[in-house]
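The basis for the numbers below is simple: all heavy atoms, side chains too, and nothing from hydrogens, waters or symmetry mates. Naming: A, B, ... by sequence-line order, numbering from 1 per chain.
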2 protein chains.
Amino acid sequence: MHRHSRQRKVILDVLKRTKTHPSADWVYREVKKEIPNISLGTVYRNLKLLQSIGEVTEISCEGNEGRFEGNSHLHYHITCQKCGQIKDVDDIILHDIEGKVARATGFKITNHCVGFAGICPACLE
Amino acid sequence: MHRHSRQRKVILDVLKRTKTHPSADWVYREVKKEIPNISLGTVYRNLKLLQSIGEVTEISCEGNEGRFEGNSHLHYHITCQKCGQIKDVDDIILHDIEGKVARATGFKITNHCVGFAGICPACLE
DNA sequence: AATAATAACAGGAATTATTACTATTATATT
DNA sequence: AATATAATAGTAATAATTCCTGTTATTATT
Ligand SMILES: [Mn+2]
Ligand SMILES: [Mn+2]
Ligand SMILES: [Zn+2]
Ligand SMILES: [Zn+2]
């Protein structure tokens, strides 16, 4: 069973309170302010565990591997190829696409992801 | 300007003739059968160059980073979480989604990707 | 409250994928 | 043929992630 550790709690808190989509290392440095001797392995271990219980999501589109967020509701992402920021795209959800692809491929589909790449308004100036 | 090298040609040939979505290392081992002393760095360098001229695409959804294909027409992918195979999903293309997201976000969008994960028919047995 | 079992930890080593470096070779141009 | 330099092989370096091991902290049980 899962025990509660201070490390796990702070890692999740850090993720819940940021609106960005940080890397494991950013989380590590952030948690370090509160728990100076936390180890990077602990961050990775907990990010994985928190994912397995649905508290944390890892983004997986458009070269954004290794970016995490404490937000498990389905949504997509867009990345600025100039400044690197990753923003949520909340406006659009493709509700029916998994069923469509299931019928077309014969796969049992468990999830899907959609990612966009481009230039953000600020970088367009 | 680009010169023609045997290495580059064979790397592209290998990618064009496979229907899988191989890793750089698989390409390396495959090319090695024809050019035994090719170096892995050459494979990476050429994969990147071939991408830049649109001859090669790197997949970027659902944890499939680092998989390549010699096929640049827009299509999506589905990965079997059990056996790891990556298949093309040719049936569906979201033509209008980039415009929709551009309007919603203010980004200038250059491309998008869609990935599915699930269990393939064979692994469902 | 004390004891016992073990999940979780810190710190460091190991692994893997990718990129960078450098002296040499091959290609295109004159 | 001579020249300029893109591209290469081979190796070293970097970065992200996982693994390992001895120690600590949490929970359940007494
Ligand atoms: Mn998000
Ligand atoms: Mn494909
Ligand atoms: Zn930007
Ligand atoms: Zn399968």
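As rounded to whole Å, 15 Å separates atom C1' of D:dT26 from atom CG of A:Leu49. For the pair A:Tyr28 OH and D:dA16 P, the computed distance is 13 Å after rounding to whole Å. Computed from coordinates, the A:Arg45 CZ to C:dA10 P distance equals 7 Å when rounded to whole Å. Rounded to whole Å, atom C1' of C:dG11 lies 10 Å from atom CG of A:Asn37. Rounded to whole Å, atom C1' of D:dA15 lies 10 Å from atom CG of A:Asp25. One can place CZ of B:Arg67 at 10 Å from P of C:dT18, the figure rounded to the nearest angstrom.
Side-chain atoms of B:Lys32 and B:Tyr28 form a donor-acceptor pair, as typed in the model, at a separation below 3.5 Å. Between the side chains of B:His21 and B:Glu58, not a single donor N or O lies within less than 3.5 Å of an accepting N or O. Judged by distance alone, the side chains of B:His75 and B:Asp90 never bring a donor and an acceptor atom under 3.5 Å apart.
Atom CG of residue B:Asn46 and atom CZ of residue B:Arg8 lie 5.0 Å apart, to the nearest 0.5 angstrom. Separating the CZ atom in B:Phe68 from the OG1 atom in B:Thr18 is a distance of 14.0 Å, to the nearest 0.5 Å.
If you check C:dA28, D:dT8, C:dA10 against the side chain of B:His4, the one that comes closest is C:dA28.
Remark: A:Arg8 is in phosphate contact with C:dA8, judged by side-chain N or O atoms under 4.0 Å from OP1 or OP2. Using a 4.0 Å cut-off, no side-chain N or O of B:Ser5 falls inside it from OP1 or OP2 of C:dA26. Taking only side-chain nitrogens and oxygens, A:Lys48 never comes nearer than 4.0 Å to OP1 or OP2 of D:dT17. Contact check, A:Tyr44 against D:dT18: no side-chain N or O comes under 4.0 Å of OP1 or OP2. OP1 and OP2 of C:dA26 both lie 4.0 Å or more from every side-chain N or O belonging to B:Gln7.
Heavy-atom nearest nucleotides on DNA chain C were determined for B:Gly41 and for B:Arg3, and the one closer to the 5' end corresponds to B:Gly41. Residue whose closest nucleotide on DNA chain D sits further toward the 5' end, between B:His2 and B:Pro36: B:His2. If A:Met1 and A:Ser39 are placed on DNA chain C by their nearest nucleotide, the residue sitting closer to the 5' end is A:Met1.
B:Ile38 comes within 4.0 angstrom of the backbone, heavy atoms only, and of no base.
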